[in-house]
Structure formats: structure tokens, C-alpha cells
Amino acid sequence: MAGTIKIKNIYYMLSYAYQNLRQTGFDHLASEDFDTIHDLFAAILAQGVADQVRRGLYRDYTLREEALSGLRGQIRLAPSIQQQTLSQGKLVCAYDVFTEDVLHNQILKSTMEMLLRHGDVRRENKKALRKLLLYFGNVREIDPGAILWKTLQYHRHNASYRTLVELCALAVKGFLLTTEKGSHRLATWLQDEAMHRLYEKFVLSYYQRHHPSLSPRGATVEWDLRNFQEAARLPIMKTDITLSRGEKRLIIDTKYYNHTMQASFYAKKATFISGHLYQMYAYVKNSDREGTGNIAGVVLYAKTDEAVTPNEDFNLGGNIISLKTLDLNREWNAITEQLDRLCEGLYNKVLS
């Protein structure tokens, strides 16, 4: 994983990545000290699920099939024969039930249970989670590792679940480890893929909140093809963050990796990671088709424990391309100051 990160900084990153955490009710978490990241997630869920319980748990119609003595809904003849229920004076019937036992609530319950059983959570937050689980008595617990996240749908009746479910997904994907025996244990820190997604989402959300005039967004870069060449087999170039002002743009690609430098067979010292530099070069050059120099790019690494980390600016073929490192273990104002400098200071001549 990348370098050490203060747990409080993880909360701040989450509060940007998930805007609902900036609402009143979560404010007290910013002043609390958390010894473990499991405890931080437990506290966030305890607050968020409690708010949802006060609103009311989401309920929906789900199809239930079981053997009944009386008729209800539709008769399932084939299952009745297969299960030999006729000899018992029963028929298998399929009918709709309006219930809170839906996937959204199953996810909340299963994630809370995961943190309770396997997480390093302090007593008061365990107590809060156990109290909330009493409201989920009619909700089934499911295997967190088997959740089909892409099947979830949101509408006006369950929109308030989106942030909670996304935080559950981050916790499950970031913490859950499955042993060969099938039992679960949790990682002591968010695993790299989860941290990378959080890092990217945080940086984009930070610029959207504090620099909206630069229209921060993820953008697609079209290949600079000539003579109507076929582009169907070319990979899609999708930037993490693009800041724009008029014709000028700054492309930012966030990287959260174990290493920000690579060993070189030919050089005596570590070099920048070639794939990351080539990727940004492709973004910038295909964006600046007229060669104006108005497009710049930054590969923004999360700081690792390596002795040397990237902090360089290059003018490559008329475009500024930089490799920078953001230390997520510093005081929060130092982190935000560096993000501000990327678009206000060093690249002022590009975005001015």
C-alpha cells in the first residue's frame, strides 16, 4: 500500500467523495479520534443507518415461493410435483410480499454484522450497531462477498440509500478477505484498489466543491485520427479529472500504488514509471491536436514510503507534463493547499 495516512484524513476524504457526509449529523465525527479504520466506518454507518431508520426502512414487493395449505398468488405446479407437496395437502404458490427484506437493507445489515464480528471496533460503536440491527429483524443477512452491486437500482423511494450502500461497498471491497476455509477476516486497512477509487473520487470532488469555475469532471479524450481511420478497436481514453477554462485544460490522473518509481535495467537509479508517463502523454497530445500548448497534464501520486517520490515538471513537445506526489499523512490544510496550487499556482499560465 501507499504511505501511512491519518485516519482522520480518511474521514475528510470520505466527506468529499460522499457529499452526504458533509450534512449536519456527521459533523461530530471530524472531532473524534479513531484508533482503527474499522471503527471509523462503524461510526459512519451507525450515524447513517440511524438516520435511515428514522426515515423508515425501504420496503418493496418481492416474489416469494413456498408450499401453502391454501391458495395464494399463482400455483407452481411443477415445483409442487417435484417437492411432493400434494401428498401433504399443500401447493407451491408464488406471491408478492411487501417487505423490508430487500437487497438494500440486506447490504446494510450484512456490512454492520461484518464489522461487528470481524472488525476492530470500540465498544460504544458496537453497541450502536447492535441496537440498530434490532430494526433489521425481518431482513436476511447475506454473504458480503457475493453481493451483486451492479444490480442495485435507485429511485425516489430509496435514493437516500445511495451513499450508505456505496460506503458499504467500499468497506466490503476494501476490508473483506476470504480464507481458504471460507471464513471471513478483515484487512486492517483499505486495500489498494478501494483506496485508489476513494483517492480519485476525493480529488475530483474537492475540485468540484472549491473550484467549480474550472468545470471539474472526468472526460473522454478522442484519438487524433487522420484519414478517417477506424477507431473501434482503440482503447477509450478516460481522464480521472479535467479542469477547463475556455480552450485551456489541465488533465489530472490520480495514482494510488505501492510504488511511484520503477527500477531500471539500463539506469543506475530508479526512474519514473513509464506506463504512467506514456498514458498522460497520450492524453495531452491527443487533446492538443493543434499543438497550442494549452493542454497540461499531471500524474498525481499518493505518497509512499519510498525515499524518492516524483516531483518534476517537463515540457514535452510544447506541453507541460508533471509528476507530483500528494502526502495524505500531512495536516489536512497542507493537503488542500497542494491541490489548490496545482490549478492556481504552478499551472496558472495554462489555466489563467
Sequence-distant partners of His157, ring pair (Phe, Tyr, Trp, His ring centres under 6.0 Å), two or more places apart
His155
Supply the atom-to-atom distance Thr271 OG1 to Met261 CE, rounded to the nearest 0.5 angstrom.
6.5 Å
So, Gln262 side chain and Phe272 main chain: donor-acceptor pair closer than 3.5 Å or not?
yes
Partners of Tyr207 by ring pair (Phe, Tyr, Trp, His ring centres under 6.0 Å), sequence neighbours excluded?
His211
Any luck finding a side-chain donor-acceptor pair between Glu100 and Asn138 under 3.5 Å?
yes
Can Tyr206 and Asp340 be counted as having a side-chain donor-acceptor contact under 3.5 angstrom?
yes
Could you list the cluster mates of Val92? Members are the ILVMFWY residues connected by side-chain heavy atoms closer than 4.5 Å, either directly or through other members.
none
Check: Asp101/Gln106 side-chain N/O donor and acceptor closer than 3.5 Å:
yes
Between Asn333 and Glu337: side-chain donor-acceptor atoms closer than 3.5 Å
no
Partners passing side-chain contact (heavy atoms from CB on, under 4.5 Å) against Asp288 (at least two apart in sequence or in another chain)
Thr292, Ile295, Asn319
Apply the test side-chain contact (heavy atoms from CB on, under 4.5 Å) to residues His276 and Tyr257: give CA-CA distance (whole Å), side-chain angles for both, the deciding distance (0.1 Å), then the verdict.
CA-CA 11 Å; His276 298 169; Tyr257 288 104; 3.8 Å; yes
With sequence neighbours excluded, residues passing ring pair (Phe, Tyr, Trp, His ring centres under 6.0 Å) with Tyr61:
Phe98
Would you please name every residue forming a side chain to side chain donor-acceptor pair (under 3.5 Å) with Thr325, sequence neighbours left out?
none
Given the rule that I, L, V, M, F, W and Y join up when any side-chain heavy atoms are under 4.5 Å apart, are Val308 and Tyr301 in one cluster?
yes
To the nearest 0.5 Å, tell me how far Ile107 CD1 sits from Lys109 NZ.
14.0 Å
If I take atom CD1 from residue Ile321 and atom CG from residue Leu277, how far apart are they, to the nearest 0.5 angstrom?
6.5 Å
Hphob cluster co-occupancy, Val97 + Leu68, side-chain heavy atoms under 4.5 angstrom:
yes
